[in-house]
Amino acid sequence: GRTYDSPYFALLVWRGITLSLRARISLATSGIGLTSQIGIQVVLNILVITDWLPNTGISLPFFSYGGSSLIMLLAQMGLVLSISRTANIERQ
């Protein structure tokens with residue numbers, strides 16, 4: 001079957017930005033930057049797939065063939081998770 005991952009990436013970007021906005025100001029800029037980079041990569045990939053942009057070899061995050069890309073994206077998500085620990089979130 002065919003899967004549609006766009007809503008999951010949108011949720012990932014939205015959650016990363018909202019967590020970053022609740023963190024300390026020095027960490028917020030880093031979190032927003034890391035999350036936005038993934039969001040921009042997803043948008044560019046979707047535009048290439050739908051033939052709105054020429055094919056430039058931009059891969060979909062976390063589904064790339066390159067191992068170094070996957071390692072860097074996982075490291076970025078680790079930093080965003082670290083930032084989320086300092087965020088002011090209502091805990092139950």
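All residue numbers refer to positions in the sequence shown, counting from 1.
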Quick one: CG on N55 to CG on L47, what's the gap to the nearest 0.5 Å?
-> 12.0 Å

Sorted by chain and residue number, the side chain to side chain contact (heavy atoms under 4.5 Å, CB included) partners of I40 (sequence neighbours excluded) come out as L44

Who are the side chain to side chain contact (heavy atoms under 4.5 Å, CB included) partners of L81, not counting sequence neighbours?
-> S84

Any chance you could pull the hydrophobic cluster mates of L27, using side-chain heavy atoms under 4.5 angstrom and chaining through other members?
-> I83

Group every Ile, Leu, Val, Met, Phe, Trp and Tyr by side-chain heavy-atom contacts under 4.5 Å, then state whether L34 and I38 land in the same group.
-> yes

Hydrophobic cluster partners of W14 (side-chain heavy atoms under 4.5 Å) = L11

Dump the intermediate steps for side-chain contact (heavy atoms from CB on, under 4.5 Å) on V80 and R15, then the final yes or no.
-> CA-CA 10 Å; V80 171; R15 188 67 178 152; over 6 Å; no

Not counting sequence neighbours, which residues clear side chain to side chain contact (heavy atoms under 4.5 Å, CB included) with L74? List them please.
-> F62, L70

Where at least one partner belongs to residues 31-42, residue pairs that pass side-chain hydrogen bond (donor to acceptor under 3.5 Å, both in side chains), sequence neighbours excluded | Q37-Q41, Q37-Q76

How would you list, by chain and number, every residue that makes a side chain to side chain contact (heavy atoms under 4.5 Å, CB included) with L21, sequence neighbours excluded?
-> I17, I32

d(S82 OG, R85 CZ) to nearest 0.5 Å is 6.0 Å

Considering all heavy atoms, the nearest A28-A23 contact = CB-O, 4.4 Å

Does one hydrophobic cluster hold both V13 and L73, with members joined at side-chain heavy-atom distances below 4.5 Å?
-> no

